[in-house]
K.L.:
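Can you keep this structure in mind? I'll have questions shortly.
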Protein chains: 2
Amino acid sequence: MKAKATSFDIAHMAGVSQSTVSRALRDSPLVNQETRDKIKAIARELNYKVDKNASNLRQQQSRTLALLLFEDPTTDDSLINPFFLSMLGSITRASAQAGYDLLVSFQNFSDDWHADYEDTNKADGIILLGYGDYMDYRDKLTKLEEQETHFVRWGAFDKEHPGISLGCDNFQGGYDVTDHLLGLGHRSFAFIGGADSRAPEFFARYKGHVSALQNAGITPQKDLQRDAISTEESGYAAVNALLREGHRPDAMVCASDLIAIGAMQAINEAGLTVPDDIAVTGYDDIPVARFTHPALTTVKQNTTLAGEALVENLLRLVNGDQADAQLMPVELVIRRSCGAPE
Amino acid sequence: MKAKATSFDIAHMAGVSQSTVSRALRDSPLVNQETRDKIKAIARELNYKVDKNASNLRQQQSRTLALLLFEDPTTDDSLINPFFLSMLGSITRASAQAGYDLLVSFQNFSDDWHADYEDTNKADGIILLGYGDYMDYRDKLTKLEEQETHFVRWGAFDKEHPGISLGCDNFQGGYDVTDHLLGLGHRSFAFIGGADSRAPEFFARYKGHVSALQNAGITPQKDLQRDAISTEESGYAAVNALLREGHRPDAMVCASDLIAIGAMQAINEAGLTVPDDIAVTGYDDIPVARFTHPALTTVKQNTTLAGEALVENLLRLVNGDQADAQLMPVELVIRRSCGAPE
DNA sequence: CTGAAAGCGCTTACAG
DNA sequence: CTGAAAGCGCTTACAG
């Protein structure tokens, strides 16, 4: 097992100083073209790579971002919301394009997440992601802010929240999907998903939903709003209970696609048909939404743009610039579960 | 913006040397209990955290693992297979429990992945994951091996492959699910999924499938095997073509759940019913498999155990110990899409 | 354009 | 049990 080459080895072989090697490898214009080429050739041959620990230590930065996913704890770690996994994909890509590595962690696996990344110089900044219980981690956000950690979070757009939030326009999404259902003639509605400040995103969707109903002169039925976290199980349980109590709304607006998938199963098991007996809509447009039966009408959040915006704003913070909360547009995706004609 | 505290600051405040601070913080038994407590209290108060770059540089290790996901490139980065995302979850957890951080990257975003992690001391070892085209990266594996990089890969169990592979018993899974369908009376079969060495896992499942048929005295119909990569789209397209050609097998064994979901949609659109007209089975048991309509019969790969095994074996390699390829058991999960009685 | 030297913040062998 | 010192492998101000 040969020892790893260092910049001194290269310097020795090239007959120059180690400083020159370092400069050449970083494409410093100070180095003679010829010298630079020679050094690079030797580096390639030796399979030399700059030691990141040394380089980062010297430069006092890590060129790494940390992504922390906090989700409602579930029994099974496989139940990570596909929406956030899409985000993970786009964030990974956006970081890579900016020349940053991405460290990933799940909140439920590490209680000390709020202090562990930037303070140890493992990451230059932190991205927070999740549909978790907002109240549970509000204190931690405040602490992050006190410590002057660089972070951005995906979530509800709200000036009161600590730190900088990026998110889609949840109110508008809830409004649009409800408005569409109204246009199809539906008149009585259930809303499946937590509608309080513990889940600010769901709450905003709910408010949009209610607003659309009121604009149409319909009074929201409070007993048809049922809490659910973003899992199939939770949606299934909530709708199952609703149906067993004898409720038969025309349509169910679900706060996420996973909830909607669980809802459709409960409706099917009750011997009812989607959308003929009850229309169902979701939220997020996860990949499987196109392939449910019937295909799910939903509100698309553009994860590619979202990931880019998160990384871009975080890097702005890291570089000492100003970053602002940002509200991104949503897009209604009409498929069959809402009862729209083919 | 206060400068970050260093071990010298702590030493100064505690009235001891910096060496002693370092020892105390690492719980060295050499340090007096009282001194240690005092130092730790000060560290907590200053919100001091050991600088990882410095510590790693000195110790010549990173306490970080890298996870590389290589997937068949798709137009949309949201289409990461949920199965691998479950793996990501369990690998993250297993690394955290072992005291390692996890760096995540997607192959399609970085062509140089094969050399970039361990050589730069950013990671002590690498985990490779994906249903990608095996031939595409075989050379890279060989290169990794030459460079004496520590790595393990999830995939087909095969002595010929470079490096150490961990994987589930794909042959047995293909066998079991086919055997189950035979027991339900199905006699003519399609197999949807690549059946050649570019996709060794799918190929092994196919071989198990064929073996079960032969044991039952049934000759596999080669024209009913259709290639597909692990996406809903690909499964949909393959089955669509099959049905348009007029084929009506009793059952379709799909090489992954995503393929099966696409297959069921194609079957539905052709005016046929699952499982009455055509039974369908998947592979992986992704979370949504329980919530398709009908619920999907599939072969479960235990991602929790898999993630733990990957991390455990990789760390063994990192520590200079022996690690062995490993074949893990699978479990048949019977739901409704196979036509089993309730 | 190039080199000698300092220093990033730790860990640990060495000496006491 | 504690301290002074070397050194991990780089980057970069300084001098030429």
Side-chain angles (χ1 to χ4, degrees), chain A residues 2-40 42-43 46-64 99 116-124, chain B residues 2-40 42-43 46-64 99 116-124:
Chain A
K2 63 213 168 212
K4 206 160 286 184
T6 73
S7 53
F8 282 94
D9 299 328
I10 313 264
H12 185 72
M13 292 182 67
V16 297
S17 75
Q18 182 267 340
S19 331
T20 301
V21 171
S22 177
R23 288 197 193 94
L25 263 17
R26 320 187 89 234
D27 284 319
S28 160
L30 290 175
V31 178
N32 184 322
Q33 181 67 256
E34 209 177 320
T35 318
R36 199 191 313 182
D37 292 344
K38 185 162 131 204
I39 289 170
K40 286 197 170 181
I42 296 175
L46 293 191
N47 218 316
Y48 169 79
K49 292 283 178 341
V50 172
D51 185 300
K52 280 296 168 193
N53 289 133
S55 159
N56 291 339
L57 172 61
R58 179 55 227 251
Q59 294 181 92
Q60 288 298 292
Q61 53 159 17
S62 64
R63 287 251 138 203
T64 299
D116 254 17
Y117 285 92
E118 189 164 340
D119 286 348
T120 57
N121 275 339
K122 286 195 294 196
D124 296 332
Chain B
K2 64 215 166 210
K4 205 161 285 184
T6 73
S7 52
F8 282 94
D9 299 329
I10 314 261
H12 185 73
M13 292 182 67
V16 297
S17 74
Q18 182 267 340
S19 331
T20 300
V21 171
S22 177
R23 288 196 194 94
L25 262 19
R26 320 187 89 235
D27 283 318
S28 160
L30 288 175
V31 178
N32 184 321
Q33 181 66 257
E34 208 177 319
T35 317
R36 200 191 313 183
D37 292 344
K38 184 161 133 206
I39 290 170
K40 286 196 170 185
I42 296 175
L46 292 191
N47 217 317
Y48 170 79
K49 291 282 176 345
V50 172
D51 185 300
K52 281 295 168 192
N53 289 133
S55 159
N56 291 340
L57 173 60
R58 179 55 227 251
Q59 294 180 91
Q60 289 297 292
Q61 53 159 17
S62 64
R63 288 251 138 203
T64 299
D116 255 18
Y117 286 92
E118 188 165 340
D119 286 349
T120 57
N121 275 338
K122 285 194 293 196
D124 296 331

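As the structure is a prediction and not an experimental result, all values here were calculated from the model. Numbers restart at 1 for each chain; the letters A, B, ... are given by sequence-line order, proteins then strands.
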K.L.:
Counting heavy atoms from C-beta on, name the nucleotide in dG3(D), dG3(C), dC10(C) closest to the side chain of Ala54(B).
P.N.:
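The answer is dC10(C).
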
K.L.:
Can you tell if the side chain of Tyr48(A) reaches within under 4.5 Å of the side chain of Leu25(A), non-hydrogen atoms only?
P.N.:
yes

K.L.:
Could you state the atom-to-atom distance from CZ of Phe8(A) to C1' of dA5(C) in whole Å?
P.N.:
10 Å

K.L.:
Can you check whether Asp27(A) reaches Arg36(A) side chain to side chain, under 4.5 Å on heavy atoms?
P.N.:
yes

K.L.:
dA4(D) C1' sits how many Å from Gln18(B) CD, rounded?
P.N.:
11 Å

K.L.:
Look at all strands and tell whether Arg23(A) reaches a base, only sugar-phosphate, or nothing, counting heavy atoms closer than 4.0 Å.
P.N.:
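Arg23(A): base contact, heavy atoms under 4.0 Å.
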
K.L.:
Would you mind telling me which of dC10(D), dT2(D), dT2(C) lies closest to the side-chain atoms of Thr6(A)?
P.N.:
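From the listed options, dC10(D) comes nearest.
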
K.L.:
Rounded to the Å, how far apart are Gln59(B) CD and dT12(C) P?
P.N.:
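In whole Å, dT12(C) P lies 5 Å from Gln59(B) CD.
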
K.L.:
Looking only at atom C1', what distance separates dT12(D) and dG16(D), rounded to whole Å?
P.N.:
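These two C1' atoms come out 16 Å apart once rounded.
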
K.L.:
Between P on dT12(D) and CG on Leu57(A), what's the gap in Å once rounded to a whole number?
P.N.:
12 Å

K.L.:
For Gln60(A) and dG9(C), is the shortest distance between a side-chain N/O and OP1 or OP2 below 4.0 Å?
P.N.:
yes

K.L.:
Rounded to the Å, how far apart are Arg26(B) CZ and dG9(C) C1'?
P.N.:
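Going from Arg26(B) (CZ) to dG9(C) (C1'), I get 13 Å.
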
K.L.:
In whole angstrom, give the distance that lies between atom OH of Tyr48(B) and atom P of dC10(C).
P.N.:
3 Å

K.L.:
Short question: side chain of Lys122(B), backbone of Lys52(A) - any donor-acceptor pair under 3.5 Å?
P.N.:
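Here the side-chain-to-backbone pair does not exist.
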
K.L.:
Just name whichever nucleotide pairs with dA15(C), Watson-Crick or G-U, keeping both distances under 3.5 Å, else none.
P.N.:
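When the pairing criteria are applied, dT2(D) turns out to be the nucleotide that pairs with dA15(C).
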
K.L.:
Looking at Thr6(A), is its backbone amide N or carbonyl O close enough to the side chain of Asp9(A) to form a donor-acceptor pair, meaning the two atoms are under 3.5 Å apart?
P.N.:
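Between the backbone of Thr6(A) and the side chain of Asp9(A) there is a qualifying donor-acceptor contact (under 3.5 Å).
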
K.L.:
On DNA chain D, check which nucleotide each of Pro29(B) and Ser7(A) is closest to and give me the residue with the more 5' one.
P.N.:
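First, find each residue's nearest nucleotide; the 5'-ward one identifies Pro29(B).
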
K.L.:
Can you find a side chain N or O atom of Ser17(B) that sits less than 4.0 Å from OP1 or OP2 on dT2(D)?
P.N.:
no

K.L.:
Would you classify Ser19(B) as touching base, sugar-phosphate or nothing, given that sugar-phosphate means primed atoms plus P, OP1 and OP2, and contacts are heavy atoms under 4.0 Å?
P.N.:
base

K.L.:
Hey, does Val16(B) have a side-chain heavy atom less than 4.5 Å from the side chain of Lys38(B)?
P.N.:
no

K.L.:
Does dG9(C) have OP1 or OP2 sitting under 4.0 Å from an N or O in the side chain of Ser22(B)?
P.N.:
no

K.L.:
Tell me the interatomic distance from Leu30(A), atom CG, to dA13(D), atom C1', rounded to whole angstroms.
P.N.:
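So the two atoms are 12 Å apart, to the nearest Å.
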
K.L.:
Over how many whole Å does the gap from Arg36(B) atom CZ to dT2(D) atom P extend?
P.N.:
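It is 10 Å, rounded to the nearest whole Å.
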
